[in-house]
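First the structure, in the form of structure tokens, and then the observations on it.
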Amino acid sequence: QVQLVESGGGLVQAGGSLRLSCAASGRTFSNYAMGWFRQAPGKEREFVAAISWNGGRTYYADSVKGRFTISRDNAKNTVALQMNSLKPEDTANYYCAARDSRWGRFDVKGYDYWGQGTQVTVSS
């Protein structure tokens, strides 16, 4: 079992930045690929970014490529999502997820453990 706790959400103006963090506990963190997803009201949960077990490979949704950066620190059992040049359409609840594999995936069903989410609101 892996427990995930997100932090760092908040209210920011368009063009601003936020850094989300996810702390993991439970099983060996470096065994898991990690991902970030988001869900806006009335919409399905969607893929944002993922990172392989050792940070050597990253994956991004087209909508965030060039603006968001995912990273991980296996010594601290954390994964982060640096979000720059935020847009109102980035407003959503952001979820951290762990996948029992070394490599990330783009789909919600590919992940085994989820955090409770942290709200990001971008004002225009």
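For this chain, numbers begin at 1 and follow the sequence in order.
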Could you check whether any side-chain heavy atom of [X] comes within less than 4.5 Å of a side-chain heavy atom of [Y], counting everything from C-beta outward?
X	Y	value
Glu46	Arg38	yes
Val120	Leu20	yes
Cys96	Tyr113	no
Thr91	Gln119	yes
Phe68	Leu86	yes

Would you say the side-chain atoms of Ser17 and Asn84 include a donor-acceptor pair closer than 3.5 Å?
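Side-chain D/A pair, Ser17 to Asn84: present.
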* To do: For the residue pair Asp73 and Ser71, confirm or rule out a side-chain donor-acceptor distance under 3.5 Å.
  =>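 No pair is found: no donor N or O on one side chain lies under 3.5 Å from an acceptor on the other.
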Which atoms form the tightest heavy-atom contact between [X] and [Y], and what is the distance?
X	Y	result
Gln116	Asn93	O-ND2, 4.1 Å
Ala24	Leu4	CB-CD2, 3.6 Å
Arg27	Gln1	CD-N, 2.9 Å
Thr118	Gly9	OG1-N, 3.2 Å
Ile70	Tyr60	N-OH, 2.9 Å
Ser124	Pro88	CB-CG, 3.9 Å

- [ ] Go through Lys87 and Asp90 one step at a time and tell me if the salt bridge (Lys or Arg N to Asp or Glu O under 4.0 Å) criterion holds.
- [x] CA-CA 5 Å; Lys87 305 175 181 180; Asp90 294 318; over 6 Å; no
**Prompt:** Phe37 and ring pair (Phe, Tyr, Trp, His ring centres under 6.0 Å): which partner among Phe47, Tyr59, Tyr94, Tyr95?
**Reply:**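 Result for ring pair (Phe, Tyr, Trp, His ring centres under 6.0 Å) with Phe37: Phe47.
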Decide whether [X] and [Y] are clustered together by the hydrophobic rule: side chain heavy atoms of Ile, Leu, Val, Met, Phe, Trp, Tyr closer than 4.5 Å, transitively.
X	Y	value
Val48	Val5	no
Met34	Tyr111	no
Phe106	Val108	yes

Could you tell me if Arg45 sits above the aromatic ring of Trp114, with its cationic atom closer than 6.0 Å to the ring centre and no more than 45 degrees from the axis?
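Yes, a cation-pi geometry.
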*asked:* Counting only heavy atoms from other residues, nucleotides and ligands, does the tally under 6.0 Å from NZ of Lys65 exceed 12?
replied: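 Buried by this count: over 12 neighbours within 6.0 Å.
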Evaluate the criterion side chain to side chain contact (heavy atoms under 4.5 Å, CB included) for residue pair Gln13 and Ser123; output intermediate values, then yes/no. CA-CA 5 Å; Gln13 288 189 335; Ser123 63; 3.7 Å; yes
For the pair Thr28 (side chain) and Ser30 (backbone), establish whether a donor and an acceptor sit closer than 3.5 Å, ignoring hydrogens and angles.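 Checked: no pair found.
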Side chain of Arg105, backbone of Ser101: donor and acceptor closer than 3.5 Å?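 No, Arg105 side chain to Ser101 backbone: no donor-acceptor pair under 3.5 Å.
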- Message: Would you compute the distance between atom CZ of Arg72 and atom OG of Ser52 and round it to the nearest 0.5 angstrom?
- Response: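 So the gap between those two atoms works out to 7.0 Å.
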- prompt: Should Glu6 and Trp36 be marked as a side chain to side chain contact (heavy atoms under 4.5 Å, CB included) after you check the CA-CA gap, both sets of side-chain angles, and the distance that decides it?
  reply: CA-CA 10 Å; Glu6 303 95 336; Trp36 285 96; 3.9 Å; yes
Note to self: Is there a side chain to side chain contact (heavy atoms under 4.5 Å, CB included) between Val12 and Thr121? Walk through the geometry before answering.
What the structure shows: CA-CA 6 Å; Val12 64; Thr121 303; over 6 Å; no
Side chain to side chain contact (heavy atoms under 4.5 Å, CB included), that's the test. Do Met83 and Arg19 meet it? Break it down for me. CA-CA 6 Å; Met83 305 186 296; Arg19 184 177 178 85; over 6 Å; no
Show, in sequence, the C-alpha distance, side-chain angles and deciding distance for Lys109 and Asp107, and conclude whether the salt bridge (Lys or Arg N to Asp or Glu O under 4.0 Å) test is met. CA-CA 5 Å; Lys109 292 182 179 180; Asp107 56 318; over 6 Å; no
